[in-house]
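The structure under discussion appears below in the form of structure tokens.
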Amino acid sequence: MEKWVLIDGNSIAYRAFFAMPPLTNSAGMHTNAVFGFTQMLLKLLEEEKPTHMLVAFDAGKVTFRHEGYEEYKGGRQKTPPELSEQFPVLKETLKAFGIAQFELEGYEADDIIGTLTRIADERGVQAVVVSGDKDMLQLASDNVTIALTRKGVSEIEPYNPEAIQEKYGLKPLQIIDLKGLMGDTSDNIPGIPGVGEKTALKMLHEFGSVENVLANTDSLKGKMKEKVETHKEDAIMSKKLATIFREVPIENKADEIAYGGYDKATLAESFRKLEFKSLIERLDLNASDASGADAVPADSSYELIIVDESTSPETLTEALAGTECVYIEAVGENAHQAQLLGLALSAGERVFVLTYDTLMGAAGEPVRSWLTDPEAPKQGYDLHKAELALAWHGIELRGTSFDVMLAAYLLDPTESDQTLSFLAGKYGIPSIASDEAVYGKGAKFKVPEPDTLARHLAQKAAGVKRLIPLQYDELEKNGMSNLYFDLEQPLSVVLASMEKKGIKVNPEVLQELGGELERNIAQYMSDIYSHAGMEFNINSPKQLGEVLFEKLQLPVIKKTKTGYSTDAEVLEKLEPYHEIVRLILHFRQLSKLQSTYVEGLLKEIRQDTGKVHTYYRQTIAATGRLSSQFPNLQNIPIRLEEGRRIRKAFVPSEPGWYMLAADYSQIELRVLAHISGDEKMKEAFVNDIDIHTKTAMDVFGVQQEQVDANMRRQAKAVNFGIVYGISDFGLSNNLGIARKDAARFIEQYFEAFQGVRGYMDNIVMQARRDGYVTTLLERRRYLPEIKASNFNLRSFAERTAMNTPIQGTAADIIKLAMVKMDKVLEERGLRSRMLLQVHDELVFEVPEDELETMKTLVPEVMESAIQLDVPLRADVNFGVNWYEAK
DNA sequence: TGAATCACG
DNA sequence: ACGTACGTGATTCAC
């Protein structure tokens with residue numbers, strides 16, 4: 001059974017445009033009409049399951065309807081540019097869907113659809129017409145249903161002849177007469193002045209057609225009779241204009257609208273460009289089958305040369321001399337374990353590809369030495385990961401000079417999609433197949449056959465080459481060139497060197513700790529079970545909730561989306577009610593240590609090096625901070641003694657060496673003092689006064705001697721709040737005080753620190769004006785939601801505007817210190833090694849004879865990383881393991 | 001795969 | 001009136 005769905009493209013695009021809130025992708029392209037249209041398409045595909053599908057568009061400005069009535073569609077509002085720019089995109093999207101689209105010079109979409117419905121009628125095929133235009137109702141028949149949009153595009157209402165009869169008391173064709181009498185302002189069809197829908201319907205119910213009404217004007221009364229008689233001609237013409245022409249010369253094209261479904265990868269690609277993330281997820285497009293070969297088209301804009309044993313070294317050497325960029329394919333999340341698939345070199349009009357075996361074999365030798373040559377600059381994509389992957393295969397990557405992934409991060413650190421395929425799409429560079437389409441993902445991962453792989457790598461290298469100049473310009477335009485070339489690019493090399501070194505972890509210390517934990521955990525479990533009177537999975541918030549709040553009837557403090565909340569904050573409030581609560585808190589603490597830090601860390605120790613090699617991510621955090629994975633070494637316990645003991649397992653990799661750790665003291669508040677210029681705060685730091693005590697003095701209006709521990713604690717919370725972008729609610733929650741009291745604290749704080757108040761007001765205004773905020777080194781974060789009408793979104797953006805320059809500048813500073821530190825160690829020929837960064841702390845391993853040097857050198861370098869209006873201070877400690885370096 | 005929880009700065 | 005503190009990553013459970 002055939003089922004045709006015929007869509008009035010212009011009508012639906014208009015509806016979608018006005019119904020959807022404004023929506024743009026990161027390139028600033030408007031996408032709301034396309035989005036709304038797409039939603040409609042998906043709904044139709046699902047609900048109608050069409051075998052044939054067509055979207056018809058109006059073509060040309062002049063149609064046959066203008067002959068004899070030039071004013072047709074005159075006086076219409078010009079299409080807003082935000083919509084008209086979406087038509088080409090919409091047409092591309094339809095292509096990606098694989099849906100036919102017709103437009104024919106001189107005809108409107110209605111006429112095309114009218115013709116097809118006539119054909120459907122003749123063939124006895126079921127058809128659905130989708131439009132926002134009531135005129136279409138004239139096409140309804142036993143075969144043809146008209147689906148009119150309601151409420152924008154979110155709902156459609158189907159009309160068959162019976163429904164039309166019910167609603168208007170008319171046959172479908174009489175809709176034309178209705179229009180003829182009442183006209184249509186939007187199309188500038190006059191009709192008869194003074195005749196609206198009600199009058200027109202009454203007339204038609206009595207006389208049946210325009211012609212009959214006109215022939216029976218005698219039975220009309222007074223003014224109405226006069227009007228109808230004087231506008232006879234208008235009525236006739238209006239009827240003609242409203243009549244859909246059903247003989248458009250497309251008879252032979254009716255079979256071209258067969259619909260065979262969409263290709264997931266193609267559609268995913270298209271949605272990625274449009275940044276329709278929710279739709280990608282909804283359609284599960286990410287799970288598209290790896291179609292491999294057909295996912296990667298050939299590209300004739302360059303000559304693809306696959307290097308193999310028969311390629312002469314001269315050809316290769318010449319190619320390397322002219323290489324502008326290199327794409328190195330290392331797949332896998334963990335760079336240290338990434339699988340090297342090969343690389344592509346872009347040189348002028350040619351792209352050379354070496355698969356892994358070629359690269360590692362005799363023929364790859366020139367390329368391997370080129371990769372290692374520090375004098376041969378390399379531009380590429382995610383060279384940090386490439387460097388690590390290559391290193392584990394015995395190839396040292398040197399001379400990296402530009403990385404489009406890193407640049408993309410600086411240009412927009414909040415963009416979560418960092419794939420080359422996405423990036424290319426964003427800059428309008430011909431499509432690069434997504435890795436998922438080529439390789440598949442998860443269990444379906446498969447390396448395609450060499451030709452396909454080569455085309456894919458070549459395509460990426462070619463894409464990188466085209467991205468580079470665009471990003472250079474944008475960095476320059478944003479004043480971020482120094483940030484990129486003097487800080488982030490050199491840092492990426494420093495990070496890779498730290499990661500390659502790794503940090504030694506003593507497994508025996510962990511195992512010992514693990515045994516102890518295991519015994520304690522077992523004890524807690526049995527105690528908890530006996531208090532509960534049953535056995536259950538304590539790790540399951542669901543089961544735990546049932547025990548606490550149903551079986552034991554403890555009061556419900558907080559709920560989550562899915563049920564009862566059982567987090568530590570809730571449990572602490574429940575402690576007085578039942579002894580079990582304390583046990584659960586302890587159990588939680590211990591099982592966290594066991595699973596994440598003992599077992600988790602043990603799994604990450606490499607057998608060949610006896611070390612853990614974390615992978616610092618330089619392009620993740622929106623503020624400019626680093627992040628650390630596999631394992632995360634930035635969240636090793638310290639606050640509680642039990643957990644802190646984990647740090648005893650982190651030891652120097654050479655006998656007789658020491659661990660040395662140096663951390664910035666109050667770097668974020670110092671940064672705040674600097675950027676806000678607050679005199680009082682600056683003075684406190686210049687005089688090295690305890691900042692929380694100073695804050696307590698000013699907030700509570702007391703002398704230093706009168707500041708007790710509790711006042712200092714509260715002041716400290718206020719300082720935290722300030723850094724996070726203060727709100728009375730947040731502070732009250734943190735301190736467990738009334739919101740009013742929190743508000744009073746904040747007010748008193750701002751009274752005392754006027755400069756800080758000025759900064760907070762200012763930065764939010766700035767964000768609203770520019771759409772972004774910056775750090776001291778011009779790192780940028782866009783905050784589009786600062787203008788949101790939704791209170792929550794807007795407030796969040798405002799707090800982010802306050803916090804990001806502070807957290808981000810602190811990140812800038814320690815990054816500067818790291819680059820400098822790396823250089824100083826090298827210059828001085830020191831053997832000490834920089835191993836870890838934990839946001840405001842650097843960890844080294846140090847030979848004994850360098851201990852004294854490092855104890856002064858490290859803080860010196862950190863403190864002089866940048867000159868602020870307040871001094872920076874770094875404290876240094878050392879010991880035989882990380883625990884002792886406190 | 002997402003939610004809940006908790007480790008860090 | 002609205003309802004949250006800023007930034008991360010790993011583990012576990014349950015759908």
Side-chain angles (χ1 to χ4, degrees), chain A residues 281 284 286-287 333 413-414 442 536-545 558-571 584-585 587-601 603-604 614-617 620-640 642-644 646-647 663-664 666-668 672 717-735 739 742 746 781 788-808 810-811 814 836-841:
Chain A
E281 278 164 35
D284 204 19
N286 285 326
E333 280 217 86
T414 54
F536 65 101
N537 186 345
I538 311 168
N539 279 321
S540 160
K542 189 164 170 253
Q543 294 182 37
L544 180 60
K558 196 166 64 173
K559 294 206 115 193
T560 67
K561 229 186 273 182
T562 52
Y564 309 111
S565 171
T566 68
D567 64 23
E569 206 188 310
V570 168
L571 294 184
I584 292 166
L585 279 165
F587 170 87
R588 281 253 178 94
Q589 194 198 330
L590 300 187
S591 56
K592 176 88 177 179
L593 289 176
Q594 181 76 304
S595 62
T596 304
Y597 297 103
V598 173
E599 291 166 0
L601 215 43
K603 276 187 229 155
E604 294 290 344
T614 192
Y615 175 34
Y616 285 109
R617 305 296 310 272
I620 299 293
T623 53
R625 276 191 176 183
L626 298 176
S627 85
S628 157
Q629 291 178 311
F630 318 126
N632 182 354
L633 295 183
Q634 292 184 318
N635 70 346
I636 303 301
I638 189 166
R639 291 173 189 167
L640 299 173
E642 296 96 312
R644 192 173 196 158
I646 296 284
R647 293 183 174 226
D663 67 304
Y664 280 114
Q666 303 297 350
I667 187 164
E668 291 190 338
L672 175 60
V718 171
N719 278 327
F720 265 95
I722 292 293
V723 169
Y724 290 158
I726 195 98
S727 75
D728 52 7
F729 189 93
L731 184 64
S732 73
N733 207 26
N734 187 280
L735 282 177
R739 198 157 133 186
I746 294 166
R781 178 174 182 178
S789 54
N790 179 311
F791 175 87
N792 269 331
L793 288 179
R794 191 176 61 247
S795 305
F796 191 19
E798 286 168 359
R799 292 195 299 273
T800 310
M802 300 184 226
N803 171 268
T804 294
I806 301 172
Q807 192 182 116
I814 194 164
L836 301 178
Q837 187 252 42
V838 194
H839 308 307
D840 66 351
E841 174 187 16

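What you are looking at is a predicted structure, and each value in this text was computed from that prediction instead of being measured. Chain identifiers are assigned alphabetically (A, B, ...) following the order of the sequence lines, protein sequences preceding nucleic acid strands; residue numbering begins at 1 within each chain.
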Does a side-chain N or O from [X] land closer than 4.0 Å to OP1 or OP2 of [N], or not?
X: A:Asn803; N: C:dG7; answer: no
X: A:Ser795; N: C:dT4; answer: no
X: A:Arg639; N: B:dG9; answer: yes
X: A:Ser628; N: C:dT8; answer: no
X: A:Arg588; N: B:dT5; answer: no
X: A:Thr562; N: B:dA4; answer: yes
X: A:Arg799; N: C:dA5; answer: no
X: A:Ser565; N: B:dA3; answer: no
X: A:Arg781; N: C:dG7; answer: yes
X: A:Ser727; N: C:dG3; answer: no
X: A:Ser627; N: C:dG9; answer: yes
X: A:Lys542; N: C:dA14; answer: no
X: A:Gln594; N: C:dT11; answer: no

Could you check whether A:Glu668 pairs with A:Arg625 (Lys NZ or Arg NE/NH1/NH2 to Asp/Glu carboxylate O, under 4.0 Å)?
yes
Would A:Phe796 count as stacking on C:dT4 if stacking means ring centres less than 5.5 angstrom apart and planes tilted under 30 degrees?
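Aromatic stack with C:dT4 absent for A:Phe796.
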Could a donor-acceptor pair under 3.5 angstrom be found where the side chain of A:Arg739 meets the base of C:dG3?
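Such a pair exists between side chain and base.
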Side chain of [X] only, heavy atoms from C-beta on: which candidate in [options] is closest?
X: A:Asp567; options: B:dC6, C:dC13, C:dT12; answer: B:dC6
X: A:Asn539; options: B:dT5, C:dT12, C:dG7; answer: C:dT12
X: A:Pro541; options: B:dA7, C:dT8, B:dA4; answer: B:dA4
X: A:Asn632; options: C:dT8, C:dG9, B:dT5; answer: C:dG9

Between A:Gly600 and A:Gln634, which residue's closest nucleotide on DNA chain C lies nearer the 5′ terminus?
A:Gln634
Identify, between A:Arg625 and A:Gln629, the residue whose nearest nucleotide on DNA chain C lies closer to the 5' end.
A:Arg625
Expected output check: what is the dot-bracket annotation of DNA chain C, where ( ) and [ ] are pairs inside the strand (brackets for crossing ones), | is paired with another strand, and pairs are Watson-Crick or G-U under 3.5 Å?
.....|||||||||.
